[in-house]
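Please read these numbers as outputs of a predicted model, since none were measured by experiment. In what follows, chains are A, B, ... by sequence order, proteins preceding strands, each numbered from 1.
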Protein chains: 2
Amino acid sequence: MTRTNLGEGDRTVPKRTGPGAGGDASTVRDVAARAGVSASTVSRVLGGTYPVAAATRARVLRAMRELDYVVNAHARALGGATNKTVAFVVDDVTGPFYAHIARGVEEQAAAEGRLCMLCTTHGDPQRVLAVVETMREQRADAVIVVGGAWDDKAYHQRMTHFAHALDRAGSRLVLVGRPPLGPGVPATVVDYDNEGGAFAMTTHLLSGGHRRIAYLGRISGLSTSSQRIRGFTRAHELLGLAPDPELIMDGAFTRSYGYRAAHALLASGREFTAVFAATDMIAAGVVQALREAGRRIPDDIAVAGYDDIPLAKDVHPALTTVNVPQEELGRSAVRLALHRTELADSQHLVLGTHVVLRDSTRRPGD
Amino acid sequence: MTRTNLGEGDRTVPKRTGPGAGGDASTVRDVAARAGVSASTVSRVLGGTYPVAAATRARVLRAMRELDYVVNAHARALGGATNKTVAFVVDDVTGPFYAHIARGVEEQAAAEGRLCMLCTTHGDPQRVLAVVETMREQRADAVIVVGGAWDDKAYHQRMTHFAHALDRAGSRLVLVGRPPLGPGVPATVVDYDNEGGAFAMTTHLLSGGHRRIAYLGRISGLSTSSQRIRGFTRAHELLGLAPDPELIMDGAFTRSYGYRAAHALLASGREFTAVFAATDMIAAGVVQALREAGRRIPDDIAVAGYDDIPLAKDVHPALTTVNVPQEELGRSAVRLALHRTELADSQHLVLGTHVVLRDSTRRPGD
DNA sequence: CTGAAAGCGCTAACAA
DNA sequence: TTGTTAGCGCTTTCAG
């Protein structure tokens, strides 16, 4: 409450250069002085990787404790090239899908002795570019960018440029859930089988007897979307069928979009017996809309999602969905970025996906 | 695919000191040389806050572009005291509650021109301590710690120590959703009205005619819990009632705990007409268990949660809960840490909470 | 085993 | 308006 300006009584308070000022942390030299050694010796104790007499080391350690010394990470980073930092660039931490990838990234980073910088871009390509640039300034060991890529020429070029720039600086660009930038571009890609998942799910629905399946999601611009659509279409074709273009609805990856689209679909009078939502979030909106309209799930209409976020289990009925190994994506991203001895300069890892069967597509009798 | 080792053709590739090596970014001096000026001039162009002849500036800017120059954030931070960085320490980004606070922190940090470092501690007090120490090394402008505090003497002392150490270094410790460390400790506290929310919710249930309300949550050790219990109890006392200790179940803040506890409660044969879950996560588990047991919500048993995470709307029936302004908590934390001119050294901000009425407690006829 | 000296890349006096 | 000179705190040769 009241400030004790009487001071002096405080233990372990290091030298106060000027009165009142902040930013007066103690340095190696302070420690050295107190321990009666040179700065280099203190540094050697800090590093640990050098022979120092036990007695000396003890004196130094004590001095450090007494002065409450902590190294200055910046000074340290200035000498060496790296900051022991991994940057994580994502649209929005609030989405469970990204949050789980973030967890994987953070955990692996911690396991590898790296700190994790988090930046969000709110779906703005310009901000992605800006943020990656900032990470170059920070000399991050790796820059991990998650989320759909934009089909924009200039954007693509800038990212390619960053990939080269980071590479030159001994760092690494990692793209998670995005298509590669192209051959020869030094970037690691960690992806999951988007098309395969969509294919498997569509096959599951078709084999359940569904013939008119609505697809709800964001169609254009995002690479993720086109892959899922391709799987959706391919599954149809394998049975000599073709999806009805009228049932493919373009929108956003949000709950509210699913809600609105489902209502619109019902209002349109178009027939359909199943909905394949491009994300679980969309599916949750769909479920709500169908329930409000008095349609039973899965009896009247089956609903399937994509991603397998925790929400899928909370929706009622529980959502059949495509599992994406989110945490593993994050972990792999860090691991590959930090140890890229193995493969060539352009690594490309694709993790598997699989259908998780729950109640929202269960046929009566199953 | 194949590396073009023919090189030399590459435009804008800066000087390569040794062959093959990484970490050869260009520096102010490189730029200066190329632009035919001194390093200071380049620095002035970088800073912007200093008169430089238009022609000179143009030459410098061009040189920077040609060399693909980016400042070294560490070198810059070494001069000044700060890294323009805010640290965010949290149990687990995967929880929606924390994720939303994280979003607030990240957004406000970005708005204030700060980068955001993310660290997770997985409920381990030791890791909190370690992480805060690391953030001291990073010279973060602010260290924001979120989540329940532990009633541990040594832990408390260490945190108090860090508060002083950070303060001395011109930085700031911010505690979000935790009790203050004590008077005179230079830390900012951003909290929300835990007790008030629990009180309001309990009052709501009592006024709905419920007399035997079960409370499920983590009771011991965490400050958050005891405050909520206090509100729960106080609401009873106001009506001359007292909660039945048999209905207060100690566990964890997880979905699976809610699920297990609800089943156990039913199996125990104890009577109750409402469940007040300490978090929405717990409530989700409770809802599932009750549904499995064939109890109707809210007709047989009413369920209420706490936090108002998005999940509350997805559960069926939608969850009555206590809204906590998560993003605002995060934003306030950053804002207060960065501009703490106003109040005394020990700031304490308490944000309000309020009951959000949904279906899970709706009485027939409401 | 320890100290002295140089320098990482940048900024900020102090001159010119 | 611009250049010169000194460090910021640490690591790291190179001597001793």
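Listed candidates were dC10(D), dT2(D), dC10(C). Nearest to the side chain of Arg76(B) is dC10(C). Proximity note for Pro51(A) (side chain, C-beta onward) versus dC10(C), dC1(C), dA12(C): the nearest is dC1(C). Between dC10(D), dT2(D), dT11(C), one nucleotide has an atom nearer to the side chain of Thr27(A) than all others, and that is dC10(D). The nucleotide whose nearest atom lies closest to any side-chain atom of Leu78(B) is, among dA4(C), dC10(C), dG9(D), dG9(D). Nearest nucleotide to the Tyr69(B) side chain, out of dG9(D), dC10(C), dT11(D): dC10(C). Nearest to the side-chain atoms of Ala75(A) among the listed nucleotides dC10(D), dC8(D), dT1(D) stands dC10(D).
An angle of 40°, rounded to 10°, separates the two end axes of the helix from dC1(C)-dG16(D) to dA16(C)-dT1(D), each defined over five pairs.
Side chains of Glu137(A) and His74(B): a donor-acceptor N/O pair is absent below 3.5 angstrom, by distance only. Side chain to side chain, Asp68(B) and His161(A) meet the donor-acceptor criterion of an N or O pair below 3.5 Å. For the residue pair Thr188(A) and Arg172(A), a side-chain donor N or O sits within less than 3.5 Å of a side-chain acceptor on the partner.
The CG-C1' distance, from Asp30(A) to dC8(D), rounds to 13 Å in whole Å. The distance between atom CD of Gln138(B) and atom C1' of dG9(D), rounded to the nearest whole Å, is 14 Å. The CZ atom of Arg139(B) sits 20 Å away from the P atom of dC10(C) (whole-angstrom rounding). Between the CG atom of Leu67(A) and the P atom of dG9(D) there is a distance of 14 Å, given to the nearest Å. Here dC10(C) presents its P atom at 11 Å from CE of Met64(B), a figure rounded to the nearest Å. Between His74(A) atom NE2 and dG7(D) atom C1' the separation is 17 Å, expressed in whole Å. Separating the CG atom of Leu46(B) from the C1' atom of dC10(C) is a distance of 9 Å, rounded to the nearest angstrom.
Asp141(A) pairs with exactly one of Arg114(A), Lys84(A), Arg136(A) by the salt bridge (charged side-chain N to carboxylate O under 4.0 Å, His left out) rule, that one being Arg114(A).
Within the 4.5 Å cutoff, side-chain heavy atoms of Met135(A) are placed close to those of Leu115(B). Contact check for Thr121(B) versus Val89(B): side-chain heavy atoms found under the 4.5 Å cut-off.
Close to dC8(D), at under 4.0 Å from its OP1 or OP2, lies a side-chain N or O of Arg29(A). Taking only side-chain nitrogens and oxygens, Ser43(A) comes nearer than 4.0 Å to OP1 or OP2 of dT11(D). Side-chain nitrogen and oxygen atoms of Thr56(A) include at least one within less than 4.0 Å of the OP1 or OP2 phosphate oxygen of dT2(C).
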Test side-chain contact (heavy atoms from CB on, under 4.5 Å) on Tyr155(B) and Val128(B) and set out the steps. CA-CA 9 Å; Tyr155(B) 176 81; Val128(B) 176; 3.6 Å; yes
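Counting distance only, with no hydrogens placed and no angle test, the side-chain atoms of Arg44(B) and the base atoms of dG3(D) include a donor-acceptor pair under 3.5 Å.
Among the heavy atoms of the strands lying under 4.0 Å from Thr41(B) are primed sugar atoms or P, OP1, OP2 only; no base atom is included. Contact annotation for Val42(B): no contact, since no heavy-atom pair falls under 4.0 Å across all strands. Backbone-only contact: Val37(A) has heavy atoms under 4.0 Å from sugar-phosphate atoms and none from a base.
Here Arg62(B) pairs with Arg65(B), Glu66(B) under the side chain to side chain contact (heavy atoms under 4.5 Å, CB included) rule; sequence neighbours left out.
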